[in-house]
Amino acid sequence: MAIKRRRRSKHRLKKAKQTYRDAAWELRFKELKAYRRQHGHCQVPSRSKEYPSLGYWVSCQRVLYRSGRLNPARKRRLGPIGLDWVSRGRSAAF
């Protein structure tokens, strides 16, 4: 008698992975709002010693925005808090 093995559903794994990514995004978004309250702007330096992960995350959001791959719902949430889509030192013509 052969023993049947259960296969892990790719859909279930993908859903768990997506949930983790959403939670990580929400965490960084909350950190950005706290940074804005403290500093009055959202220009987090990408090489910040105080906020290294947040700086990298903000630069990644800008790259996703410029390439047209940023989720529209996330773009709508980042706009009202004052995220500048062009970082300091870059021209507006990208």
> Can any side-chain N or O of R62 pair as donor or acceptor with the backbone N or O of D84 at less than 3.5 Å?
Replying inline: yes
> Does a sphere of radius 6.0 Å around CZ in F29 hold more than 12 heavy atoms from other residues, nucleotides or ligands, not counting ones at 6.0 Å or beyond?
Replying inline: yes
Reported [atom1]-to-[atom2] distance for the pair [X] and [Y], which is rounded to 0.5 angstrom:
{"X": "L83", "Y": "Q61", "atom1": "CG", "atom2": "CD", "answer": "8.0 Å"}
{"X": "L27", "Y": "L54", "atom1": "CG", "atom2": "CG", "answer": "9.5 Å"}
{"X": "R77", "Y": "N71", "atom1": "CZ", "atom2": "CG", "answer": "10.0 Å"}
{"X": "S53", "Y": "E31", "atom1": "OG", "atom2": "CD", "answer": "7.0 Å"}
{"X": "S48", "Y": "Q43", "atom1": "OG", "atom2": "CD", "answer": "12.5 Å"}
{"X": "Y51", "Y": "Q38", "atom1": "OH", "atom2": "CD", "answer": "4.0 Å"}

Side-chain heavy atoms nearer than 4.5 Å, only ILVMFWY residues, links allowed to pass through others: does that put [X] and [Y] together?
{"X": "I81", "Y": "W57", "value": "yes"}
{"X": "Y56", "Y": "V86", "value": "no"}
{"X": "L64", "Y": "W25", "value": "yes"}
{"X": "L78", "Y": "V63", "value": "no"}

> What's the verdict on salt bridge (Lys or Arg N to Asp or Glu O under 4.0 Å) for R74 and E26, showing C-alpha distance, side-chain angles and the deciding distance?
Replying inline: CA-CA 10 Å; R74 290 179 176 177; E26 289 297 328; over 6 Å; no
> In terms of ring plane angle, is the pair W85 and Y65 parallel, tilted or perpendicular, where the classes change at 30° and 60°?
Replying inline: parallel
> So among K30, E50, H41, which one has a side-chain contact (heavy atoms from CB on, under 4.5 Å) with Y35?
Replying inline: H41
